[in-house]
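Worksheet: one structure, shown below.
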Amino acid sequence: MAGYVAAIAVLTPGYRLFQAANNTAVMAGPDSVAARCRVCWSCPRNLGLIFGATAMGAMFAVAVGATTMAAATPQAITGGIGPVFALAGAMMLAAFGLTRRRAG
């Protein structure tokens with residue numbers, strides 16, 4: 001639990017600082033460009049959030065192996081977290097790889 005809280009405590013402010021500065025720099029352009037940027041950023045961001053939440057929930061349900069959370073044992077719930085974090089890491093590395101290929 002301490003590792004999870006520590007990671008969130010470090011990642012959240014860093015993410016917020018980057019997003020605020022990045023969005024401000026892009027949106028400082030002409031109104032027509034800023035409007036297109038908003039649309040181009042909001043759609044993939046929302047799709048990513050929806051896909052990520054769905055994939056993580058589905059992976060957790062499969063990894064726990066119980067039909068309901070009430071029927072799941074504490075060991076199954078604890079064991080179900082590992083594959084979820086592995087999937088999150090794999091998705092993060094895939095996104096990083098795609099970004100590197102496109103930028104390079």
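Predicted model, so just to flag it, every value in this text is computed and none were measured.
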Between V64 and I77, what is the shortest heavy-atom contact and its length?
CG2-CA, 4.1 Å
Nearest heavy atoms of P83 and A63, plus distance in Å:
CG-CB, 3.8 Å
Kindly indicate whether the side chain of M69, heavy atoms from C-beta on, has any atom under 4.5 Å from the side chain of F60.
yes
Is there a chain of hydrophobic side chains (I, L, V, M, F, W, Y, each step under 4.5 Å between heavy atoms) that links V62 to F51?
no
Could you give the distance from OG1 (T54) to CG (L49), rounded to the nearest 0.5 Å?
10.5 Å
How many angstroms lie between CZ in F85 and CE in M59, if you round to the nearest 0.5 Å?
13.0 Å
When every non-hydrogen atom of L87 is compared with those of A55, the smallest separation belongs to CD2-O, 3.9 Å
For residues P13 and V10, report the shortest heavy-atom separation together with the two atoms involved.
CD-O, 3.5 Å
